[in-house]
2 protein chains.
Amino acid sequence: MTKRAFDKIKAGLDSAKAYLDGTADKSLYRVHVPEKVDVRKIRTRLGLSQEAFAATYGFALSAVRDWEQGRRKPERSARILLKIVEKEPEAVTRALAG
Amino acid sequence: MTKRAFDKIKAGLDSAKAYLDGTADKSLYRVHVPEKVDVRKIRTRLGLSQEAFAATYGFALSAVRDWEQGRRKPERSARILLKIVEKEPEAVTRALAG
DNA sequence: AACGATACTACGGCATTGCCGTAGTAAATG
DNA sequence: CATTTACTACGGCAATGCCGTAGTATCGTT
């Protein structure tokens, strides 16, 4: 057994101890979900019609309309998805391909 | 039969003709939105508890529970988002950072 | 000018989900 | 054995999802 291995084990034990002590950070990684999303802005920046936008990213056309017309607010998961469409649109099409 | 009705029928026939002619190019990139998503599978592969999973990707804990317990089915946007979490989890955290 | 296509607004309306809370079960650990 | 973590199970209201239809504005074509 190398000294390296020993150090690793010790480090593990130390963090286990810290966990038990309550010294450890039990906070969960918590992402921020935006309360408002400007759907029209995201869509027009991509140069797409409502229909094309819906078809390209999997939204229901009726939902896109409700959102842009301010009739309804996209719910949590939709807001997150819209953020991804804004920042990394390709990630969406990749995930839905195949 | 009103003139209005006739016009509608004619319009329908015309666009059907155009469609058959190939004159109409209505090609929209259309992605496939999965009807079913195995939330538990996605979560456990990431080695996260329901709480950590929810906190990390922005879901409501109650929604994750409803989905895994088969009480409710994630709706369209949520299914898409879950697919992205499955294929490119980092893309989600990147989009929600900052 | 009349027409057809495109893009969008506006909205009725039902089914379904989102999301909150609480109680109960099971396993691990001090 | 009491406590903590992780999860099941579910009541219940408010809100959205999603479908459909009608109406307006614009534009290129005939």
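So you know, we letter chains A, B, ... as the sequences are listed, proteins then strands, and number each from 1.
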### Message
Between Glu86(B) and Lys41(B), does the salt bridge (Lys or Arg N to Asp or Glu O under 4.0 Å) criterion hold? Intermediate values first, please.
### Response
CA-CA 9 Å; Glu86(B) 180 181 29; Lys41(B) 193 173 186 178; over 6 Å; no
### Message
Base, sugar-phosphate or nothing for Gln69(A)? Non-hydrogen atoms, less than 4.0 Å.
### Response
base
### Query
Separation of Arg76(B) atom CZ from dC19(D) atom P, in whole Å?
6 Å
### Message
Distance criterion of 3.5 Å, no angle test: do you see the side chain of Arg71(A) paired donor-to-acceptor with the base of dG12(C)?
### Response
yes
#### Entry: Nearest-Å distance for atom pair CG/P, residues Leu28(A) and dA6(D)
9 Å
### Query
Ignoring hydrogens and geometry, is there a side-chain-to-backbone donor-acceptor pair from Arg43(B) to Phe53(B) under 3.5 Å?
no
### Query
Glu68(B) has a side chain; which of dT8(D), dG17(D), dC8(C) sits nearest to it?
dT8(D)
### Summary
Rounded to whole Å, the CG-C1' distance (Leu61(B) to dT8(D)) equals 12 Å
### Task
Assign the ring pair Trp67(A) / Phe59(A) to parallel, tilted or perpendicular, where the plane angle (0 to 90°) is split at 30° and 60°.
perpendicular
### Message
Check this one for me: any side-chain N or O of Trp67(B) less than 4.0 Å away from OP1 or OP2 of dG18(C)?
### Response
yes
### No-H, no-angle donor-acceptor pair, Arg79(A) side chain to dG18(C) base, under 3.5 Å
no
### Query
Considering only dC18(D), dC7(D), dG18(C), which nucleotide approaches the side chain of Ala78(B) most closely?
dG18(C)
### Task
Confirm from the modelled atom types if Arg72(A) and dG18(C) form a donor-acceptor pair under 3.5 Å, side chain to base only.
no
### Query
Does Ile42(B) share a hydrophobic cluster with Leu61(B), counting links as ILVMFWY side-chain heavy atoms below 4.5 Å and allowing steps through other members?
no
### Message
Using side-chain heavy atoms (C-beta onward) and a distance below 4.5 Å, is Tyr57(A) in contact with Leu48(A)?
### Response
yes
### Query
Side-chain N or O of Gln50(A) less than 4.0 angstrom from OP1 or OP2 on dT6(C)?
no
#### Entry: Proximity to the side chain of Asp66(B) - top-ranked nucleotide from dC18(D), dC8(C), dC10(D)
dC10(D)
### Message
Just to be sure I understand the rule, does Arg65(A) reach a base, reach only the sugar-phosphate, or reach nothing, if contact means heavy atoms closer than 4.0 Å?
### Response
base
### Message
Go nucleotide by nucleotide along DNA chain D from the 5' end; which of Ser77(B) and Glu51(B) gets its closest nucleotide reached first?
### Response
Glu51(B)
### Summary
Per atom distances to the Arg40(B) side chain, the nearest of dT8(D), dC20(C), dG18(C) is dT8(D)
